[in-house]
Amino acid sequence: MSKRTPLIAGNWKMNKTATEGVELVQAIAAAVGIESAVQIVLCPPFTALSAVSAAVEGTHLAVGAQNMHDKVNGAFTGEVSAVMLRNLHVTHVILGHSERRSIFGEDDAFINRKVLAALEASLKPILCVGELLAEREAGTTKDVVRRQLELGLQGVPANKADQVIIAYEPVWAIGTGKTATPAMAQEVHAFIRQLLTAQFGAESAGRMRILYGGSMKPDNADALLAEHDIDGGLIGGAALDAKGFVALVQSAAKSLAA
Ligand code: PGA
């Protein structure tokens with residue numbers, strides 16, 4: 001692990017009511033105490049954001065949303081904007097998750113507009129990229145990642161680059177129990193850092209966090225987080241239970257000491 005502050009983000013997806021979310025936050029906060037070497041971001045569904053934001057007050061846990069629209073307001077039934085999220089003390093937002101891309105048809109141009117809108121509102125985007133199984137088997141992983149990254153980050157000013165967090169999530173590893181091996185993940189992470197260097201310069205790229213996502217669990221986290229360019233995790237299933245999630249935070253803290 002490098003000198004970058006590791007980040008463990010929980011993507012709760014469409015799970016947890018506001019009440020259940022607060023219970024989970026309280027259990028996580030009690031277990032991690034004042035562990036501040038690792039940045040922790042919890043991303044509940046929209047309906048739990050307000051309650052979770054209130055529950056993290058006084059802890060060092062931060063709150064993220066799972067999506068947003070790129071416009072500030074207007075006739076977009078069912079959507080929420082960056083300004084609305086900021087108003088709830090949300091600091092991060094997951095954008096371009098593969099479920100948004102595949103189930104809800106979001107394309108790179110739309111995701112790019114959201115990234116720019118998030119930065120404009122001082123929200124830190126967690127931009128997700130990753131290949132499908134067929135793309136990996138066809139040997140096009142790097143082409144896919146390059147396209148999603150370059151189009152997703154188009155127009156991001158260099159002085160805001162280190163506000164952006166990238167999550168590499170091979171789609172075939174999400175929720176399947178299959179994980180990329182640490183070497184497979186590191187290869188793509190190093191490639192992503194090369195692309196970031198080309199766009200933003202070595203200094204900014206060296207500061208940017210690149211998270212791994214896709215069935216990261218307590219039993220495989222140590223090996224993944226030990227890789228040089230893996231700066232944390234975007235956690236789905238294992239983020240729904242305090243014990244498992246806290247174990248991942250501890251793995252990230254351990255990787256710093258290594
Ligand atoms: P998973 O999900 O940890 O359940 O594989 C990760 C994600 O979709 O962000």
Side-chain angles (χ1 to χ4, degrees), residues 1-11 36-41 43 62-66 68 82 90-98 108 111-131 141-142 144-170 180 182 184-214 216 221 224-235 248-249 251-253 255-256 258:
M1 174 70 75
S2 65
K3 291 190 203 71
R4 293 173 286 272
T5 303
L7 195 165
I8 298 290
N11 174 11
S36 57
V38 179
Q39 206 183 348
I40 304 169
V41 180
C43 305
V63 182
Q66 299 172 18
M68 56 170 246
V90 169
T91 51
H92 293 70
V93 59
I94 299 171
L95 296 175
H97 189 279
S98 69
D108 290 307
I111 294 162
N112 176 241
R113 291 199 299 276
K114 297 181 193 218
V115 168
L116 298 177
L119 289 171
E120 188 63 36
S122 300
L123 273 179
K124 295 182 176 63
I126 302 176
L127 172 65
C128 303
V129 299
E131 80 286 2
T141 295
K142 287 186 179 170
V144 171
V145 167
R146 178 199 296 272
R147 191 201 71 229
Q148 292 176 339
L149 199 77
E150 288 181 351
L151 295 178
L153 295 178
Q154 224 166 50
V156 171
N159 65 357
K160 289 196 176 168
D162 56 9
Q163 303 294 300
V164 178
I165 296 146
I166 307 297
Y168 168 57
E169 300 204 303
M184 277 159 85
Q186 166 58 26
E187 189 188 349
V188 180
H189 280 234
F191 175 68
I192 290 173
R193 197 161 323 269
Q194 264 174 34
L195 296 171
L196 297 173
T197 302
Q199 182 168 355
F200 300 117
E203 210 184 306
S204 293
R207 280 200 300 265
M208 293 174 74
R209 265 85 55 86
I210 309 173
L211 314 181
Y212 170 81
M216 193 189 262
L224 285 160
L225 293 167
E227 294 291 342
H228 181 264
D229 289 293
I230 302 184
D231 306 315
L234 180 55
I235 319 298
L248 295 171
V249 173
S251 282
S255 74
L256 265 182

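In this text the structure is predicted, and so the values were computed from the model without any measurement.
Of all heavy-atom pairs between L224 and P182, the closest is CD2-CA, 3.8 Å. Of all heavy-atom pairs spanning G64 and V41, the tightest one is N-CG1, 3.7 Å. Here the closest non-hydrogen pair linking E187 and K142 is OE2-NZ, 3.1 Å. Smallest separation of non-hydrogen atoms from A37 and P6: O-CD, 3.6 Å. The two atoms that bring L225 and G232 nearest to each other are CD2-CA, 3.6 Å, heavy atoms only. Considering all non-hydrogen atoms of both residues, C43 and Q66 come closest at O-NE2, 3.0 Å.
Listed by chain and residue number, Q186, D229 satisfy the side chain to side chain contact (heavy atoms under 4.5 Å, CB included) test with A190 (two or more places apart in sequence, or in another chain). Residues satisfying the side chain to side chain donor-acceptor pair (under 3.5 Å) criterion with Q199, sequence neighbours excluded, are absent altogether. Listed by chain and residue number, I94, H97, A167, E169, L234 satisfy the side chain to side chain contact (heavy atoms under 4.5 Å, CB included) test with C128 (two or more places apart in sequence, or in another chain). Residues passing the side chain to side chain contact (heavy atoms under 4.5 Å, CB included) test with A65 are F46, L49, L85, V90, V93, sequence neighbours excluded. Applying the side chain to side chain contact (heavy atoms under 4.5 Å, CB included) criterion to T141, with sequence neighbours excluded, gives E131, R136, V145, Y168, V188.
Here the CG atom belonging to L116 is positioned 4.5 Å from the CG atom belonging to N112, to the nearest 0.5 angstrom. Here CZ of R193 is found 11.5 Å from CG of L195. Values are rounded to the nearest 0.5 Å.
No option in R147, K114, R113 other than R147 meets the salt bridge (Lys or Arg N to Asp or Glu O under 4.0 Å) test with D108. For the side chain to side chain contact (heavy atoms under 4.5 Å, CB included) test with I235, the passing option among N11, I8, V249 is I8; the others fail. If you run side chain to side chain contact (heavy atoms under 4.5 Å, CB included) between L7 and each of D231, V38, I165, only I165 comes through.
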Please tabulate, for the side chains in residues 149-159, all donor-acceptor contacts under 3.5 angstrom to protein atoms that are two or more places apart in sequence or on a different chain.
none

Listing, residues 204-212 side-chain donor-acceptor contacts under 3.5 Å, not counting sequence neighbours, or none:
| residue | atom | partner | partner atom | Å |
| --- | --- | --- | --- | --- |
| R207 | NE | D162 | OD2 | 2.8 |
| R207 | NH1 | E203 | OE2 | 3.4 |
| R207 | NH2 | D162 | OD2 | 3.1 |
| R209 | NH1 | T5 | O | 2.8 |
| R209 | NH1 | Q39 | OE1 | 3.0 |
| R209 | NH2 | Q39 | OE1 | 3.0 |
| Y212 | OH | A180 | N | 3.1 |
| Y212 | OH | G214 | O | 2.9 |

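Between the Q163 side chain and the S122 main chain, no donor and acceptor come within less than 3.5 Å of each other.
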